[in-house]
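Here the structure comes first, spelled out in structure tokens, and everything after it is commentary.
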2 protein chains.
Amino acid sequence: MPVSRQELFDVLSQLGRALGNGHRLALLEHLAQKEAPVEELAGASGLSIANASQHLQHLRRAGLVTARRDGRQMVYRLTDERILRLLTLLQEVAETHLAEMERLMGRLFADDDAGETLEPMTRVELQRALEQGAVTLLDVRPNAEYQAGHLPGALNAPIAELESMLSALPRDREIVAYCRGVYCAFSHDAARLLRERGFQVRRYQAGILEWRAAGLPLVD
Amino acid sequence: MPVSRQELFDVLSQLGRALGNGHRLALLEHLAQKEAPVEELAGASGLSIANASQHLQHLRRAGLVTARRDGRQMVYRLTDERILRLLTLLQEVAETHLAEMERLMGRLFADDDAGETLEPMTRVELQRALEQGAVTLLDVRPNAEYQAGHLPGALNAPIAELESMLSALPRDREIVAYCRGVYCAFSHDAARLLRERGFQVRRYQAGILEWRAAGLPLVD
DNA sequence: CAAATAATCAATAAATCAATTGAATAAAAC
DNA sequence: GTTTTATTCAATTGATTTATTGATTATTTG
């Protein structure tokens with residue numbers, strides 16, 4: 001007896017439901033940076049341990065994450081690179097279409113690009129600039145995430161330590177700052193600070209998430 | 001005041017929730033073929049008119065579909081091509097990871113590839129074969145969907161009329177049948193029939209959905 | 001303008017989902 | 001072997017989601 005199409009869609013919809021919760025998306029974005037144990041994920045997402053655990057199991061049932069035991073910790077990670085593409089595409093579609101999304105993005109971007117409206121750099125522009133050695137690339141994420149993998153040639157400049165690194169940065173060529181992805185505020189903070197100090201700076205807005213989703217290599 | 005990341009994820013999760021229902025996915029897949037009024041969509045998905053309408057409005061709020069009034073009908077369509085990519089990617093991830101999905105797919109494929117296990121043809125294989133003029137391509141979807149756009153060079157052979165078209169088909173070269181996408185059973189039915197009658201036949205399993213998602217052209 | 005058609009709205013009840021709490025496991029440290 | 005730590009499980013409650021029903025709104029037809 002043939003399987004009804006509806007049965008297949010019902011199974012497929014499990015995946016959609018797994019993506020249908022803001023906390024789970026936050027967990028996934030954190031996992032997009034690097035694998036992590038439950039406690040860290042809970043802390044980063046503002047969830048109780050028990051609640052985070054349940055959300056993670058929900059994600060696991062949907063096949064989006066896998067878990068392995070390491071000592072007494074349970075380390076979760078994204079199942080594979082396609083999950084990244086899924087997240088990126090979801091964000092892309094949302095940004096173009098959801099009115100509310102645009103409103104929020106507007107608020108997010110309003111305060112740093114004010115005055116001098118510098119377009120964020122696209123991945124393609126960045127790749128070309130890097131090939132030509134034309135820019136200094138700054139990874140402004142926390143050091144742990146930098147160490148788990150960063151764009152080739154990037155310096156780590158966690159936002160908290162950026163101020164003390166200023167003297168090491170060039171004033172005669174463009175600086176490009178990036179962080180996790182579109183929703184990560186670090187690169188905005190960094191760009192504002194650097195601009196105030198007279199550096200030429202732009203943001204690679206899409207960040208490491210899009211870079212990986214495009215299948216480009218990272219280094220450790 | 002900066003927008004919290006969580007606010008953004010909450011908005012984004014609306015999109016996920018919209019994809020988190022089997023009936024809505026069925027509606028989307030139908031819309032992936034061609035735009036359609038509520039009544040048709042309801043019929044095709046086995047939903048009451050009122051229920052279909054509500055699901056469609058859910059999809060509209062999420063920005064996945066748009067609607068326009070045509071006379072007394074309300075015609076829905078996918079917002080843009082990226083929605084297709086989203087659906088395809090969702091299916092891809094699901095097929096690889098959801099155990100239950102694999103089980104169902106197994107059942108679906110069990111009865112036609114039995115005995116002679118012919119691998120479905122990939123898009124790349126199909127493209128090469130078409131360039132060389134090496135195959136006859138059959139679109140086995142209903143004629144209305146064929147007319148809304150089909151692969152270049154494809155003949156329309158709706159499954160109901162396939163039998164009466166057999167004499168026009170070549171026996172000395174391979175036939176490739178395709179329909180909507182992975183979940184569409186027409187190409188299985190067609191392949192089984194043709195194989196029984198002694199034709200050389202394979203299926204382009206991913207179907208028109210993947211073709212469009214890859215940005216390749218259709219003709220009317 | 002009345003009747004018919006296509007779709008939406010509003011209200012309800014059943015089902016599912018989410019956060020909290022406290023108890024239960026499983027592994028490591030003592 | 002008891003204690004500590006990290007996580008999961010189970011039960012509860014409140015919030016969302018879904019399908020159904022019947023009423024309501026637009027638009028066309030007669």
Side-chain angles (χ1 to χ4, degrees), chain A residues 4 6-7 9-28 30-31 34-77 100, chain B residues 4 6-7 9-28 30-31 34-77 100:
Chain A
S4 81
Q6 196 52 54
E7 270 186 86
F9 285 126
D10 285 341
V11 177
L12 191 54
S13 72
Q14 287 179 19
L15 229 172
R17 275 197 297 281
L19 298 171
N21 176 288
H23 291 307
R24 282 196 291 272
L25 291 177
L27 290 169
L28 287 173
H30 195 93
L31 289 171
K34 64 184 212 309
E35 59 175 27
V38 178
E39 192 176 16
E40 176 183 331
L41 291 166
S45 312
L47 296 172
S48 74
I49 303 278
N51 197 190
S53 171
Q54 295 190 158
H55 279 304
L56 287 165
Q57 284 170 74
H58 195 146
L59 291 171
R60 186 154 65 158
R61 280 193 301 276
L64 293 170
V65 307
T66 55
R68 70 163 204 279
R69 184 174 273 286
D70 176 19
R72 57 187 125 175
Q73 296 193 128
M74 212 60 173
V75 179
Y76 282 84
R77 65 187 313 169
E100 190 171 2
Chain B
S4 82
Q6 197 51 55
E7 272 186 85
F9 286 125
D10 285 342
V11 177
L12 190 54
S13 72
Q14 288 179 19
L15 228 173
R17 275 198 297 282
L19 298 171
N21 176 287
H23 292 306
R24 282 196 291 273
L25 291 177
L27 289 169
L28 286 174
H30 195 94
L31 288 171
K34 63 183 213 307
E35 58 174 28
V38 178
E39 193 176 16
E40 176 182 330
L41 291 165
S45 312
L47 296 172
S48 73
I49 303 278
N51 198 8
S53 171
Q54 295 190 160
H55 280 305
L56 287 165
Q57 282 169 74
H58 195 148
L59 291 171
R60 184 152 67 158
R61 279 192 302 275
L64 292 170
V65 306
T66 55
R68 69 162 205 279
R69 184 174 273 287
D70 177 20
R72 59 186 122 175
Q73 295 194 127
M74 210 60 172
V75 179
Y76 281 84
R77 66 186 313 170
E100 189 171 3

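Just the heavy atoms: all of them, side chains too, but no hydrogens, waters or symmetry mates, feed the values below. We name chains A, B, ... by the order of the sequence lines, and we start the count at 1 in each one. Owing to the predicted nature of the structure, the values given are computational and were not obtained by experimental measurement.
Checking B:N21 against A:Q73, the closest nucleotide of DNA chain D that is more toward the 5' end is the one next to A:Q73.
For the pair B:H58/B:R24, a side-chain contact is recorded, criterion being any heavy-atom separation below 4.5 Å from C-beta on.
For A:H55, no side-chain nitrogen or oxygen approaches OP1 or OP2 of C:dC17 to under 4.0 Å. Regarding contacts with the backbone of C:dA6, every side-chain N or O of B:Y76 stays at 4.0 angstrom or more from both OP1 and OP2. A sub-4.0 Å separation between OP1 or OP2 of D:dT17 and a side-chain N or O of A:R17 is absent. Residue B:H23 has a polar side-chain atom (N or O) positioned under 4.0 Å from OP1 or OP2 of D:dA19.
A donor-acceptor distance shorter than 3.5 angstrom exists from the side chain of A:S45 to the backbone of A:L41, with no hydrogens or angles considered.
The two residues B:A52 and B:A42 come nearest to each other via the heavy atoms CB-CB, 3.6 Å. The heavy-atom pair separating A:Y76 from A:Q57 by the smallest distance is OH-CG, 4.1 Å. A:D10 and B:G22 get closest at one heavy-atom pair: OD1-CA, 3.4 Å. Taking both residues in full, the closest heavy atoms of B:A62 and B:L15 are given as O-CG, 4.1 Å, listed atom of the first, atom of the second, then distance.
With D:dT8, D:dT18, C:dA7 as the choices, the nucleotide that has an atom nearest any side-chain atom of A:M74 turns out to be D:dT8. Residue A:H58 places its side chain closer to C:dA18 than to any other of C:dA18, C:dC9, C:dA19. With C:dA7, D:dA19, D:dT8 as the candidates, the nucleotide lying closest to the side chain of B:E39 is C:dA7. For A:P37, whose side chain is taken as the heavy atoms from C-beta onward, the closest listed nucleotide among C:dA18, D:dT7, C:dC9 is D:dT7. Here the nucleotide nearest the side chain of A:S53, chosen from D:dT8, C:dC9, C:dA18, is D:dT8.
Distance CG (B:L47) to P (D:dA19): 7 Å, rounded to an integer number of Å. The separation between B:R68 atom CZ and C:dA7 atom P is 12 Å, rounded to whole Å. Protein atom CD1 of B:I49 is 16 Å distant from nucleotide atom C1' of D:dA23, rounded to whole Å. Whole-Å rounding puts the B:L56 CG to D:dA19 P distance at 12 Å. Rounded to whole Å, the distance from CD on A:E40 to P on D:dT5 is 19 Å. We find that CG of A:L59 is positioned 14 Å from C1' of C:dC17, with the value rounded to whole Å. A:Q57 has its CD atom 18 Å from the P atom of D:dA6, to the nearest Å. Going from atom CZ of B:F9 over to atom C1' of C:dA18 covers 19 Å, rounded to whole Å.
Atom NE2 of A:H23 sits about 13.0 Å away from atom CG of A:L28, to the nearest 0.5 Å.
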Reading nucleotides 21-30 of chain C from the 5' end, what letters show protein touch, with B for base, S for backbone sugar-phosphate only, - for no heavy atom under 4.0 Å? B-----SSS-

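More than 12 heavy-atom neighbours from other residues, nucleotides or ligands sit within 6.0 angstrom of CZ on A:R17.
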